[in-house]
2 protein chains.
Amino acid sequence: MKLTINEIAELAQVAKSTVSKALNGQKGVSEEKRKLILKLAEQLDYHPNASAQALALNRSGSIGFVLPHQAGMSLSGAYWSAIITAVAQEARSHNYNLLILSPGPDDDLAAPIDSVLKRRNVDGLIIGAEHLDSKAVSTLILEEVPFVLIGRSPNVRHYSVDVDNEAASRKIVSHLASKGRRRIACLAGPREHSYTQERVQGYLAALRDAGLEWSAVEYSNYELEEVTRAIGRLLGAHDDIDALYMTAGGEFVLDAIDVLKASKGDLSGFGMAVFDDYRFFDYLSIPISRLRQPLSAIGTTSASVLFEIMEGRKPDRLEWVLEAETVLR
Amino acid sequence: MKLTINEIAELAQVAKSTVSKALNGQKGVSEEKRKLILKLAEQLDYHPNASAQALALNRSGSIGFVLPHQAGMSLSGAYWSAIITAVAQEARSHNYNLLILSPGPDDDLAAPIDSVLKRRNVDGLIIGAEHLDSKAVSTLILEEVPFVLIGRSPNVRHYSVDVDNEAASRKIVSHLASKGRRRIACLAGPREHSYTQERVQGYLAALRDAGLEWSAVEYSNYELEEVTRAIGRLLGAHDDIDALYMTAGGEFVLDAIDVLKASKGDLSGFGMAVFDDYRFFDYLSIPISRLRQPLSAIGTTSASVLFEIMEGRKPDRLEWVLEAETVLR
DNA sequence: CTGTTAGCGCTTTCAG
DNA sequence: CTGAAAGCGCTAACAG
């Protein structure tokens, strides 16, 4: 049941090194033998043993994808799943496999990465940045592991692909302003994430663009209690808020709407914009403009950048910034 | 930079075979040497090279997870992502890695599976059944590859873990009946999927339980056009339908509600139940009762069944059926 | 162009 | 208990 290169060599009456060369398209094999060998391999459906190849070549043939902690969580799963699908596709087209590294609920991100690296299970990594400690990153760089980040972390300068958080935010908040909103508040995600900062910057820029002087930003960690408090602070301090920009989507939006409704009652006339796009937004009680991230492109791009560095080429830049699409309502 | 078993052996002044034994907890090593070796390995943070181990042991140390085609799609991604996260966890706890096999948009499911198997990249497979052709399955069985299915396919009898589609459907439709609905129609998914059939059976059983004689089932492939037509057929034939049971959730539900609204106008008083649970259901115009699948449990169970067969133990049964939780509205 | 040989790093006999 | 040696399947030098 185990078909090896030796069988092929025997059948073709050649040395296994010849088979190896023929199969790998190397030169130094007569056209005649090459044909014979390829035909044989094809007929017998021979595939070289991955472990043996990996051992001989000192390369695993897999890349790893590191999920952030909360990837399993409901809607954010949809986000990661779309990216993974694209990465898997790209990997396959390079004849690589895709390993998923999902940190346990408790243990830290570094452990699984470390092990997989030490064991030489992967040749490169794509890491959902979110909150990657710079310690882990410097280890990676030190060990010269090729890797690319999805999203960026503060204090980390490395290959990354991300969406243009600031520009997109600016655009959609400008849209709110153009609709006549004058008191546009911002409900932001966790302050420590780069993407939150960038999106807030975009928000502020849009206000400046529109000549609005008033602004208000509150941060939260996406959990109902904090969201409640954050919105409370916003509404408590200003009773004339007429629009809200949220720097992240998903269920967070539902929470926010609940809280808003509870404090303000009727929401008609209230403006809303969100960074992220889910179709159900159209079924909530107010129109929501939103930003749609190019998920497949993020996956495809990060994978191809990774393969580029794995193949020793040096990309001409460090950061790939993709556009988010605006969906105006 | 490459720390191998040889270095450890040298430092410990023993043969590498002794190191191997010590590290793998085999007997035949003096307590003294074992301690020394373990200490050394710990200090130097030695991890055996996975490929070498795989080659020597003829086992890859990875299991594969086969996604169905449309997994990247929006909300269904959330579903798979939750399962994968659980599987990854379980794999890690068995010291296995998780390989993701995602079929390309065009190519068939068999190709990637076949290659990964032939190359001995995985020791076992978890397959999102959905529509797995029985040909592929028989190949797997023939090659004696350990695998378990998530969900079931008609004509395939093999280890599988699934949710109790019929019982859950029966329960939730009974709930509709208990609320006084008398004309409960069923909007089903694709007829060829087992889960659709089972859910329809549950629906019919519930009607019988409630002593209702009237029933109506229409199938569709989840696409707006077909959904429109299916609902059209239901409403066209019966103008007194007062409730709808949908055998699947996600965006499908939004489409259905759109269509319903368009034909019936006001939906108040209309009853609705759905197999699947998303929080946004609570924000639609009518209350929706629903069934929540135990996603993590599905992942964990399928993985542990897989490991059981991989370890040569023969589970006492072929099918694991988990309960879906009902969320009544 | 071809075959022989020597590893890749690990496990596993099997003498000592 | 210990270590030398063989071998997992493949690739890469190097003679011929």
Side-chain angles (χ1 to χ4, degrees), chain A residues 1-38 40-41 44-62 95 97 115-123, chain B residues 1-38 40-41 44-62 95 97 115-123:
Chain A
M1 251 340 14
K2 56 300 180 79
L3 181 60
T4 77
I5 198 173
N6 292 306
E7 275 70 72
I8 306 280
E10 188 144 348
L11 289 172
Q13 300 282 26
V14 298
K16 60 183 197 178
S17 59
T18 306
V19 176
S20 177
K21 282 175 202 152
L23 255 27
N24 295 313
Q26 295 175 17
K27 48 188 215 176
V29 184
S30 68
E31 201 45 43
E32 191 190 7
K33 301 213 161 178
R34 160 162 284 140
K35 275 225 169 117
L36 173 61
I37 293 170
L38 290 179
L40 236 38
L44 304 181
D45 196 23
Y46 166 76
H47 294 249
N49 179 308
S51 311
Q53 221 167 17
L55 182 58
L57 293 177
N58 191 30
R59 81 182 216 356
S60 70
S62 301
N95 283 313
N97 283 122
S115 134
V116 104
L117 251 30
K118 282 256 155 58
R119 307 205 46 179
R120 300 214 134 66
N121 259 319
V122 296
D123 302 327
Chain B
M1 250 345 3
K2 62 283 176 96
L3 181 60
T4 76
I5 198 174
N6 292 305
E7 274 71 70
I8 307 280
E10 190 145 344
L11 289 171
Q13 300 282 25
V14 299
K16 60 182 195 177
S17 55
T18 306
V19 177
S20 176
K21 281 174 202 151
L23 256 26
N24 295 314
Q26 296 175 18
K27 48 189 217 177
V29 184
S30 67
E31 202 44 45
E32 190 189 6
K33 303 215 160 179
R34 158 163 284 139
K35 273 221 171 121
L36 173 61
I37 292 170
L38 291 179
L40 236 36
L44 303 180
D45 196 21
Y46 165 77
H47 294 249
N49 178 308
S51 310
Q53 219 166 18
L55 182 58
L57 294 176
N58 190 30
R59 81 188 222 342
S60 70
S62 301
N95 282 314
N97 283 120
S115 133
V116 104
L117 251 31
K118 282 256 153 62
R119 307 205 46 179
R120 300 213 134 67
N121 259 320
V122 297
D123 301 328

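Per chain, numbering begins at 1; letters A, B, ... match sequence-line order. FYI, side chains are in, hydrogens and waters are out, and symmetry mates aren't considered; it's all heavy atoms of this structure.
Nucleic acid contact class of Asn58(A) (heavy atoms, under 4.0 Å, all strands): none. Using a 4.0 Å heavy-atom cutoff across all strands shown, Ser17(B) reaches at least one base atom of the nucleic acid. Lys16(B) comes within contact range of at least one nucleobase, with a heavy-atom separation under 4.0 Å. Looking at heavy-atom distances under 4.0 Å, Glu7(B) makes no contact with the nucleic acid at all. Residue Thr4(A) is in sugar-phosphate contact alone, with no base atom involved, counting any heavy-atom pair closer than 4.0 Å across all strands shown. Within the 4.0 angstrom heavy-atom criterion, only backbone atoms of the sugar-phosphate kind lie near Leu57(A); the bases stay farther away.
Between Tyr46(A) and the phosphate of dG9(D), there is no side-chain N or O to OP1/OP2 separation shorter than 4.0 Å. Between Lys21(B) and dT11(C) there is no side-chain N or O to OP1 or OP2 distance below 4.0 Å. Taking only side-chain nitrogens and oxygens, Asn6(A) never comes nearer than 4.0 Å to OP1 or OP2 of dG9(D).
With dA12(D), dT4(C), dT11(C) as the choices, the nucleotide that has an atom nearest any side-chain atom of Ala15(A) turns out to be dT4(C). Proximity note for Lys33(A) (side chain, C-beta onward) versus dG3(D), dT11(D), dG3(C): the nearest is dG3(C).
Residue-to-nucleotide proximity on DNA chain D shows that, of His47(A) and Thr18(B), the 5′-proximal contact is made by Thr18(B).
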